[in-house]
Asks: 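Supplied in C-alpha cells, the structure appears directly below.
Residue numbers begin at 1 in each chain, while the letters A, B, ... track the order of the sequences.
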Amino acid sequence: MKGLLISLLALAGFVLTSAGAAWCFRPRRYLKLFAITFLLWIPIYFVLYRATPPDLCFLPSAWMCTDQRVDMLYGFVVFALNWHSVVDSFTGIIGGFSVALLVATRNSPAQQTTTTALIANFKLEDGADRIYNWRLPELERLGYVVRTAGDGTYRLTAKGRWVARIAWFAKRSLNLSVGG
Amino acid sequence: MVHGLLVAVIVSLVWIVLQNLVMHVHPMENRFKPMVLGYLLSFPFVFVFYRWLPPVTNSIANTMEHEAWMMGLFHAYLLHLLLFFFYVQCFYHVERSVTLRILVELLQHAGQGVSLAGLQQQYSLEDMISNRLEVMRDRGLVSFQNGQWRLQFNGRLLAQVAMAGAWLFQAKHQHERM
C-alpha cells in the first residue's frame, strides 16, 4: 500500500513539474518534456520510498506488504502505468486530431460548422495542409524519413522502416485496417 | 499482494488474447465496446483466481498469511484496471495514429519514394476529416443537421477538457500548429 500511495504522490509531482516546465519553456516536443520529467521523478519516487517509514505513520500492519522490495517495485509499475495514461491523455485529447475537430467546432460561431469550414481550419494560407506539412518535416527532423533532393519524394530511413514494420505488424495482429 | 498482482497479470493477458482472437473471427469497427465487454467479463475471474488459484510458490503463500486478504484483492483489481487502460491506450496508438499511417504508407512503397501529393492522394485531409466526423457522429460526440456539425454534450465536454488541458500545458491543438 505504501508503494501505491508514494506512486500517487510522485504522479502528482510529475504533472505539476511538467505543467510548470511547459509554462517556463513552451516546448516544441511535449513527449520529450514528459520523458525528462518522468526520469526526474523516478529517483525521487525511490528516495521517498526509502526515506519514509514502512507504515507511513498511519497504515495498519495488515495493509503493508511483507516484502518491501515487492511493494516498492509495484508502486513504481503503478507510477509508470499512470504516467503512460497522463501522456496518452495529453496526446489523445490535447494533441489529438479528432479532438482538434471538436475544439474547432466549439470555437466556431454558434458552436456549429460545416465540413468545408473544418477542412479550412487545417489549411495554411498557401493551401497546404497542416497535417502533412507539420508531420513530414517533423518525421524528417527526427530521422524517420528522408526527402530525396531531386524529385522531392519521401523514403523511410532504417529507423523509420523499423517503426513502420512494428506498426504494420501490430495492425495485422489486431486485425486492423490501415487506420489513421 | 504478490499473488493478487500475478492474478491480475494472468487474467488481463487471457482476456486480451481472447478478445483479439474473437476480433479476428468477428471483426468489429467499434473496438471500444468489445474491449470494455472483455474487461467486464474478466472482472469476476480476478476474484475466482485470487480465491482459488494456489499461490505459485511457498514464499508467496507465507507472505499472504501476514497480509490482509482484502488488500491483496484490492491490488489485484487495481492492477487489472490499470492494465486495461494501458491496453486501450496502446490499441488507439496503433489504430488512430496518423503518423504511423504515413510510415506504413511509405513502407508499402519501400522500393520507390512517395511524393507529398502521392501521400495526400492515398489519404487526403478531406478523407481524414470526413472519416473522423463520421466516427464521432456514431459515438454521439457530434450531430449533423442541415449541413452543420454541432457538438453533443459529450463532445462539448471533451472539447472543454482539451482546452483546459491545452491551457495547463501551454500546448496547441492540431489545427493551431504551424
Side-chain angles (χ1 to χ4, degrees), chain A residues 19 22-23 26 30 62-63 65-67 70 74 78 81 84-85 88 92-95 97-106 111-115 118-119 121-122 124 129-135 144-145 148 152-156 160-161 163-164 167-168 170-171 174-176 178-180, chain B residues 1-2 5 20 23-24 27 63 66-68 71 82 85-86 89 92 94-104 106-107 110 113-116 119-120 123 125-126 128-130 132-133 136 141 147-151 155-156 158-159 161-163 165-166 168-171 173-175 177-178:
Chain A
W23 277 78
R26 307 287 166 104
Y30 279 80
W63 285 27
C65 183
T66 315
D67 190 337
V70 170
Y74 165 65
V78 171
L81 288 171
H84 186 268
S85 291
D88 186 80
I93 297 176
I94 299 168
F97 183 48
S98 299
V99 179
L101 293 171
L102 294 177
V103 173
T105 308
R106 163 80 172 64
Q111 298 190 10
Q112 56 182 19
T113 188
T114 61
T115 307
L118 281 173
I119 291 169
N121 267 296
F122 287 85
L124 295 167
D129 73 62
R130 292 176 194 269
I131 298 299
Y132 285 103
N133 283 276
W134 184 82
R135 274 184 174 77
Y144 293 101
V145 301
T148 313
T153 58
Y154 290 92
R155 291 166 196 272
L156 290 173
R161 207 160 27 248
V163 174
W168 179 85
K171 281 173 188 282
L174 296 166
N175 197 24
L176 294 170
V178 281
Chain B
M1 189 172 89
V2 179
L5 301 182
N20 272 297
M23 286 303 105
H24 276 272
T63 58
H66 304 287
E67 296 168 358
M71 203 40 63
L82 292 176
F85 287 158
F86 184 66
Q89 290 156 4
Y92 284 112
V94 174
E95 195 216 16
R96 289 288 162 83
S97 169
V98 175
T99 303
L100 288 183
R101 164 81 186 249
I102 293 172
L103 293 177
V104 171
L106 290 173
L107 182 70
V114 184
S115 64
L116 174 61
L119 282 169
Q120 286 170 322
Y123 192 39
L125 176 67
E126 288 76 7
M128 277 183 220
I129 291 179
S130 301
R132 298 285 175 123
L133 287 169
M136 288 197 288
L141 295 169
Q148 298 277 337
W149 292 98
R150 292 185 180 83
L151 296 177
R156 192 173 296 111
L158 194 51
V161 168
M163 289 163 75
L168 179 66
F169 289 103
Q170 294 295 292
H173 301 289
Q174 286 207 19
H175 64 293
R177 288 174 186 168
M178 293 182 79

Asks: Under 4.5 Å heavy-atom distance to chain B, tell me which part of A/Tyr30 shows up: side chain, backbone, both or neither.
Replies: side chain
Asks: Going by distance alone, is a donor N or O of one side chain under 3.5 Å from an acceptor N or O of the other, for A/Ser85 and B/Gln89?
Replies: yes
Asks: Examine distances only and state if a side-chain atom of A/Arg130 and a backbone atom of A/Asn121 form a donor-acceptor pair shorter than 3.5 Å.
Replies: yes
Asks: Check for me whether B/Arg132 meets the cation-pi criterion with A/Phe97, that is, NZ or CZ under 6.0 Å from the six-membered ring centre and within 45 degrees of the ring axis.
Replies: no
Asks: Top residue by heavy-atom pair count (under 4.5 Å) with chain A, among B/Leu100, B/Leu158, B/Leu119, B/Leu151?
Replies: B/Leu151
Asks: Considering only heavy atoms, which portion of B/Arg150 lies under 4.5 Å from any heavy atom of chain A: side chain, backbone, both, or neither?
Replies: both
Asks: Counting N and O atoms only, with roles assigned by atom type, does the side chain of A/Asp88 sit under 3.5 Å from a partner on the main chain of A/His84, one being a donor and the other an acceptor?
Replies: no
Asks: So for A/Arg26, is it side chain, backbone, both, or neither that comes closer than 4.5 Å to the heavy atoms of chain B?
Replies: side chain
Asks: Measure B/Leu107 against the heavy atoms of chain A and call it side chain, backbone, both or neither at under 4.5 Å.
Replies: both
Asks: Looking at every heavy atom in both A/Ile94 and B/Ala171, which two are closest together, and how far apart are they?
Replies: CG2-CB, 3.9 Å
Asks: Heavy-atom pairs under 4.5 Å with chain B - which of A/Val163, A/Leu81, A/Val99, A/Thr148 has more of them than the others?
Replies: A/Leu81
Asks: If you tally heavy-atom pairs under 4.5 Å against chain B, which of A/Ile119, A/Asp67, A/Thr105 wins?
Replies: A/Ile119
Asks: Could you check whether any side-chain heavy atom of A/Ile131 comes within less than 4.5 Å of a side-chain heavy atom of B/Met128, counting everything from C-beta outward?
Replies: yes
Asks: Using side-chain heavy atoms (C-beta onward) and a distance below 4.5 Å, is B/Leu125 in contact with A/Tyr132?
Replies: no
Asks: Taking the side chain as every heavy atom from C-beta outward, state whether A/Leu101 and B/Ile129 have any atom pair closer than 4.5 Å.
Replies: yes
Asks: For chain B, which of A/Ile93, A/Leu118, A/Thr114, A/Thr113 has the most heavy-atom pairs under 4.5 Å?
Replies: A/Thr113
Asks: With respect to chain B, which residue among A/Trp168, A/Tyr74, A/Tyr144 yields the maximal number of heavy-atom pairs within a distance under 4.5 Å?
Replies: A/Tyr74
Asks: Do you know which of B/Val114, B/Leu5, B/Leu103 has the most heavy-atom pairs under 4.5 Å to chain A?
Replies: B/Val114
Asks: Would you mind checking which part of A/Val145 comes under 4.5 Å of any heavy atom in chain B, side chain (CB onward), backbone (N, CA, C, O), both or neither?
Replies: side chain
